[in-house]
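Counting from 1, the numbers follow the sequence of the chain as shown. Just so you know, ligand 1 is whichever comes first in the structure, and atom 1 is the first atom listed for that ligand. Note that the coordinates shown come from a computational prediction; the quantities given were computed from them, not determined experimentally.
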Amino acid sequence: MRFTTKSPFLSSRTSMLSLALHIVVPLLLIGLVIAFQINQLEEGRALHIERSRMNAQDIGSTLASSIGGSFQNIDLTLLAASDHVRDWYVLKNKKPGEVLASLQELQSRVPSLALLRSTDANGNLVFAVEGDQVEKINVADRNYFQQLKKNPNAGMVISEPVIGRITKKWVLICARRFNLSNGEFGGIVYASVLLDGVADRLAGGKIRLNGDDVILLRDDQQNVVVRFVNGKQDLSIMGQKISSPNLDEFDRSRSELGFYVARSVIDQVQRSYYYQRIAGRPLNLVVGISIKKALIEWQEESRKAWSMAGALISVIIFSAYLVYRSKLRQLHAIEELQNTQIALEKSNLELARLSTTDSLTGLANRRKFDEVSAHEWLRAQRKQEPLTVAMVDVDFFKIYNDLYGHQAGDQCLKLVAKTLSAGLRDGSDFVARYGGEEFIILLPGQHAEGAYDVLDRLRRDIAEMKLAHSGSKFLSVITFSVGFAVMVPQPGKTLIELIEQADQNLYMAKRKGKNQVYGIGEGGQVLSSYVDPLDQTYGV
Ligand SMILES: Nc1nc2c(ncn2[C@@H]2O[C@H](COP(=O)(O)OP(=O)(O)OP(=O)(O)O)[C@@H](O)[C@H]2O)c(=O)[nH]1
């Protein structure tokens with residue numbers, strides 16, 4: 001059986017593959033969208049962190065130069081003050097009142113300066129701009145005094161952050177020494193730099209800082225000089241030592257500047273930090289820009305980007321669903337079409353079979369016989385082999401019908417057909433219903449004697465079925481007569497002649513008494529069976 005449609009197995013495998021592709025491709029697309037999105041956002045995040053680093057650097061370098069400039073200013077002020085004190089103390093060309101007035105004038109020029117004073121070589125206070133309790137104060141025990149006394153070449157010395165005894169505020173003491181005319185230590189000039197408000201002045205003006213951004217000024221001993229965070233100065237850790245792995249690394253390496261990203265050891269906020277030394281001073285500055293704040297914009301961008309990606313993914317899923325659904329419908333339609341085609345071909349085959357089959361007996365019909373006999377004739381002709389055609393006709397069948405009814409007649413014909421089929425060789429012999437109660441047999445390759453034997457066996461087979469026929473003269477059973485003819489096809493001879501010969505021989509069998517085989521062999525010899533009508537073998 002050959003079908004023009006594809007095999008259902010192959011088609012279902014192809015369909016499954018195609019459906020799987022309709023799922024895999026959208027998944028791949030979604031994966032690509034997500035991967036692209038993550039990549040873009042990672043790049044965006046890195047960019048914002050880089051911006052915060054640059055921001056920290058901008059603020060830090062501006063602040064560092066501003067702080068450096070302020071201390072330079074203080075240094076020059078102290079230098080000028082020490083000159084005035086020396087004028088009075090060493091050169092004796094100035095009166096104390098004049099010196100004090102000069103010191104007052106110098107202090108007023110620098111707003112962050114307070115308590116500009118001078119001492120003698122023993123640390124006793126000589127001049128004080130504020131002037132109270134001058135005679136009682138001695139600073140000989142202070143670190144800055146001892147440093148300056150020991151070192152004639154020391155420039156301006158800056159103390160660690162301390163709470164001023166008089167101001168009660170956090171200050172740095174900046175001090176300078178002055179020498180006697182013989183070069184020996186003559187005393188110091190010093191002033192307090194008020195730390196309270198310094199950061200506000202530094203940060204509040206030109207520099208824009210967000211809440212979590214931080215400014216930290218430390219001295220060389222890691223003491224906090226200034227910490228500015230959340231928009232104000234943080235006095236809680238003033239004077240405390242602050243260190244972290246990154247700061248320690250900078251302190252150790254003596255680097256002038258550097259960057260790092262870290263979580264603060266003080267408030268745990270993650271920041272981009274910029275570190276820079278204040279040129280020529282024992283101070284270093286750290287500016288930290290909060291990463292969380294720096295990423296707010298990025299987070300907003302992320303949200304927008306993800307919602308767009310979500311929309312895109314939804315479109316992909318929806319389109320994929322539509323395509324998948326239509327593909328599924330298409331496949332169902334194809335499957336239905338294939339099933340219809342298969343059914344159609346099956347019914348065509350059945351029709352073809354029916355058109356060549358006798359509906360009563362199930363044997364081949366006359367049309368099929370015409371087809372097969374023509375084929376066998378040609379083959380016998382080609383091979384020069386004998387071909388036997390035999391006509392079989394049920395005896396007294398009209399009487400049988402009359403006696404037993406038409407239905408019983410049909411059953412009788414079925415039995416005859418079955419007996420004939422069963423008694424013939426499959427594959428080579430062929431039997432068909434020729435019409436009415438007549439059957440026709442082809443025996444290819446059989447010579448007359450062989451054909452006779454086969455046919456007479458069939459005749460006996462049906463008689464031995466002992467199907468009652470009270471109208472038969474042959475002891476009341478169904479019998480049939482057979483006329484046959486054998487021919488090796490020769491030029492000038494036809495199949496029709498062979499069939500006609502067989503028909504004539506059937507006539508002879510009937511005429512000679514029925515229930516017999518009558519045939520003429522290739523050599524013209526008559527082959528006939530005779531049955532004694534009184535033979536009890538065929539009785540019921
Ligand atoms: N039940 C039945 N009867 C059929 C069928 N085809 C033909 N017949 C009958 O077969 C009978 C044949 O009758 P006849 O040709 O006179 O032959 P016969 O009665 O068998 O006489 P002989 O052949 O001389 O023995 C007719 O009565 C037909 O109606 C069929 O398919 N079924």
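Between D395 and ligand 1, not a single N/O pair is under 3.5 Å apart. Between L360 and ligand 1, not a single N/O pair is under 3.5 Å apart. In terms of N/O distances under 3.5 Å, ligand 1 is approached by V394. Considering backbone and side-chain N/O of I399, none are found under 3.5 Å from N/O of ligand 1.
Nearest to atom 23 (O) of ligand 1 by heavy atom, out of K510, K414, Q411, E438, is K510.
Other residues, nucleotides and ligands contribute at most 12 non-hydrogen atoms within 6.0 Å of the OH atom of Y507.
Relative orientation of the F250 and Y275 rings is parallel, given thresholds of 30° and 60° on the angle between their planes.
No side-chain heavy atom of I289 sits less than 4.5 Å from a side-chain heavy atom of R271. Residues Y274 and V286 have side chains not in contact (no heavy-atom distance under 4.5 Å, counting atoms from C-beta outward).
At a 4.0 Å cut-off, at least one heavy atom of R433 sits close enough to ligand 1 to count as contact.
Partners of Q40 according to the side chain to side chain contact (heavy atoms under 4.5 Å, CB included) rule, which considers only residues two or more places apart in sequence or in another chain, are F36, E43.
A ring-ring contact (aromatic ring centres under 6.0 Å, His included) check over residues 326-383, counting only residues at least two apart or in different chains, returns the pairs F369-Y434.
Contact annotation: for D393 versus ligand 1, heavy atoms closer than 4.0 Å belong to the side chain alone.
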